[in-house]
Amino acid sequence: MKLSAILREARRNVTSGTTRAVFLSITLSVLGLAAVASEVAVVAALEREAEAFKSSGGSVLTVVAPGQIDGDRCESLSKVPGVRAAGAVTVPSDQRITAVALPGAPLPYGYATSGFATVLRVETDGGPGLLLSSDAAQLLGAYIGSDLRTTGGTTRVSGVYEYPRDGRRNGFGYMALAQVDSAQAFDECWADAWPQNPALRSLLLTVVLRGNPSGDEQPEVAPLNLTHGLEFDGNTNYRQRITRWAGVALGTLTAMVGFITLRARRVELASALHDRMSRLDLAAIAFFEALTWTAPPVLFTMVASTTYFAREGELHVGVVLGARIAALIIAGAIVGVGVALLTTRERDLFLYAKDR
């Protein structure tokens, strides 16, 4: 048969209602949208968990070894792939600065490298001066670029950082830090890596100086915040999500629907073969018919998925999730229609007619 004849035959079957295209299309569209909605809900929840973990400092790994941290080595960790920033800090327990405006609440005073300021996401004007925590700046009425009068003189505030009480380690919520050169020893090294790097723990230990006479205590490596767990393995969580079988289930259902609806027409199919229609032509007609009831659900699932994630600025995620479900719908239709055609034989025409 010519292609035009095949298309005409498929069109007649669709418009006459023989293929049940409208019913199948609506049913699969609803199921496809349900599958997409479940995937979107789970993936969005995983993204919220990841953002909560990262924003609370769970992605920051620290090593504590008083007087044994090589500042230069610590700063160089920022060159490791995946490490957003790394820096060193020392906060002597006996050092304080006292603001004239608040003499009863002296500020703990420490020294940090420029990389440490990046780890803390300090908002700065890039000039010289102290870095204040937001709580300290609020109490003292200080802001970026303002002068801070202390009992030891006047100094400038060059930056302010947020350090909320969300479970992260105490000690930096009310603090003043001076930025110093990294070519010296510090007490701690912090590194922020996302996604998390399993090798970072070992890398942090390489910044600890050896042979320090005061180094009897072993360096302590720990996350900055354990509220959301020791680590966040987004890849594993995604692979083990409860909705990972939604697309497979939909594809299987599509195969069953395609098989049942075409198998119900076995007398028609066997009669066509008896009238010397080739199996290739019959298959072409059947697959063109299937295209009419698979195209709408495929389109709807893709549009729904990409639209949602595009609004979140993650178009590629929407395309991947939508395409996965759409591909399984198409695969299910091909399998179902193909099996129905293969199991329909001309020699069984009279049996089909008798069973009907």
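No experiment lies behind these values; they were computed from the predicted model shown.
The two atoms that bring Phe288 and Ala10 nearest to each other are CB-CB, 3.9 Å, heavy atoms only. Of all heavy-atom pairs spanning Ala326 and Met302, the tightest one is CB-CG, 4.1 Å. Nearest heavy atoms, Ala290 versus Val337: CB-CG2, 4.0 Å. Scanning all heavy atoms of the two residues, the minimum distance from Leu77 to Cys189 falls at CD1-SG, 4.1 Å. Of all the heavy atoms in Thr18 and Arg265, the pair that sits closest is CG2-NE, 3.5 Å. Scanning both residues, Gly58 and Pro223, for their nearest heavy atoms gives O-CB, 4.3 Å.
Contact of the Ser38 side chain with the Val42 side chain is not registered, since no non-hydrogen atoms from C-beta on lie closer than 4.5 Å. Here the side chains of Tyr174 and Leu107 are in contact, with some heavy-atom distance below 4.5 Å. Side-chain contact between Arg96 and Pro108: present, with at least one pair of heavy atoms (C-beta onward) separated by less than 4.5 Å. Phe309 places a side-chain heavy atom less than 4.5 Å from the side chain of Val40. With a 4.5 Å cut-off on side-chain heavy atoms, Thr118 and Arg84 count as touching. Residues His316 and Glu314 have side chains in contact (heavy-atom distance under 4.5 Å, counting atoms from C-beta outward). For the pair Asp135 and Tyr163, the minimum side-chain heavy-atom distance is 4.5 Å or more. Residues Ser158 and Pro128 fail the side-chain proximity criterion, which asks for heavy atoms closer than 4.5 Å.
By the rule that hydrophobic residues join a cluster once side-chain heavy atoms approach within less than 4.5 Å of another member, Phe186 and Leu204 end up as members of one cluster. Linking Ile, Leu, Val, Met, Phe, Trp and Tyr whenever their side-chain heavy atoms come within less than 4.5 Å puts Ile285 and Leu269 in one cluster. Taken together through direct or relayed side-chain contacts under 4.5 Å among Ile, Leu, Val, Met, Phe, Trp and Tyr, Phe23 and Ile329 form part of one hydrophobic cluster. Both Met277 and Leu7 are assigned to one and the same hydrophobic cluster, defined by single-linkage of ILVMFWY side chains at heavy-atom distances under 4.5 Å. Transitive grouping of hydrophobic side chains (ILVMFWY, heavy atoms separated by less than 4.5 Å) keeps Val119 and Val64 in distinct clusters.
The 12-atom threshold is exceeded at OH of Tyr238, counting heavy atoms of other residues, nucleotides or ligands nearer than 6.0 Å. For Gln95, the CD atom is densely surrounded, since the number of other residues' heavy atoms within 6.0 Å is greater than 12. Within 6.0 Å of the CD atom in Glu312, the count of heavy atoms belonging to other residues, nucleotides or ligands exceeds 12.
Formation of a donor-acceptor pair under 3.5 Å by the Thr113 side chain with backbone atoms of Ala88 is found in this model. Of the possible polar contacts, none joining the Thr307 side chain to the Ala304 backbone as a donor-acceptor pair under 3.5 Å is found. Of the possible donor and acceptor atoms, one in the side chain of Gln196 sits under 3.5 Å from a partner among the backbone N and O of Phe232. No donor-acceptor distance shorter than 3.5 angstrom exists from the side chain of Ser25 to the backbone of Val22, with no hydrogens or angles considered. No donor-acceptor distance shorter than 3.5 angstrom exists from the side chain of Ser78 to the backbone of Ala85, with no hydrogens or angles considered. Judged by distance alone, with hydrogens and angles left aside, the side-chain atoms of Arg263 form a donor-acceptor pair with the main-chain N or O of Thr343 at under 3.5 Å. Judged purely by atom type and a 3.5 angstrom limit, Arg279 uses its side chain to pair as donor or acceptor with the backbone of Leu341. For the pair Arg244 (side chain) and Arg241 (backbone), a donor-acceptor distance under 3.5 Å is present. The backbone N or O of Gly67 lies less than 3.5 Å from a partner atom in the side chain of Asp187, making a donor-acceptor pair.
In summary, the side chains of Asn225 and Thr227 do present a donor paired with an acceptor at a separation below 3.5 Å, with no hydrogens or angles considered. At a cut-off of 3.5 Å, with distance as the only test, no side-chain donor of Thr19 or Glu289 sits close to an acceptor on the other residue. For the residue pair Ser134 and Glu162, a side-chain donor N or O sits within less than 3.5 Å of a side-chain acceptor on the partner.
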Where do Tyr109 and Tyr111 land on the ring-ring contact (aromatic ring centres under 6.0 Å, His included) test, with the steps shown first?
CA-CA 7 Å; Tyr109 183 68; Tyr111 308 94; 5.3 Å; yes
Please step through side chain to side chain contact (heavy atoms under 4.5 Å, CB included) for the pair Thr62 and Arg169, ending with a clear verdict.
CA-CA 10 Å; Thr62 69; Arg169 206 178 82 199; 3.9 Å; yes
Between Leu250 and Ile325, does the side chain to side chain contact (heavy atoms under 4.5 Å, CB included) criterion hold? Intermediate values first, please.
CA-CA 8 Å; Leu250 181 57; Ile325 294 176; 3.7 Å; yes
Apply the test side chain to side chain contact (heavy atoms under 4.5 Å, CB included) to residues Tyr161 and Phe116: give CA-CA distance (whole Å), side-chain angles for both, the deciding distance (0.1 Å), then the verdict.
CA-CA 11 Å; Tyr161 66 89; Phe116 188 79; over 6 Å; no
Dump the intermediate steps for side chain to side chain contact (heavy atoms under 4.5 Å, CB included) on Val208 and Asp70, then the final yes or no.
CA-CA 6 Å; Val208 180; Asp70 186 314; over 6 Å; no
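Of the inter-residue distances, the one linking Trp293 atom CH2 with Thr27 atom OG1 reads 10.5 Å to the nearest 0.5 angstrom. In this structure, CG on Leu148 lies 6.0 Å from CD1 on Ile97, to the nearest 0.5 angstrom. Separating the CD atom in Glu9 from the CG atom in Leu282 is a distance of 9.5 Å, to the nearest 0.5 Å. With rounding to the nearest 0.5 angstrom, the OG1 atom of Thr151 is 11.0 Å from the CZ atom of Arg149. In this structure, CZ on Arg347 lies 11.5 Å from CG on Leu273, to the nearest 0.5 angstrom. Taking CG of Leu224 as the start and CG of Asp192 as the end, the distance is 9.0 Å to the nearest 0.5 Å.
For the side chain to side chain contact (heavy atoms under 4.5 Å, CB included) with Leu31, the lone residue among Val257, Thr301, Leu253 that qualifies is Leu253. Considering Ser56, Ser55, Ser59 in turn, Ser56 is the only one that fulfils the side chain to side chain contact (heavy atoms under 4.5 Å, CB included) rule with His228.
Ionic pairing of Arg168 and Asp166 is present here: one or more N-O contacts between side-chain nitrogen and carboxylate oxygen are shorter than 4.0 angstrom. Using a cutoff of 4.0 Å between basic side-chain nitrogens and carboxylate oxygens, Arg48 and Glu51 are not scored as salt-bridged.
Ring planes of Trp190 and Phe172: perpendicular class, angle over 60° (limits at 30 and 60°).
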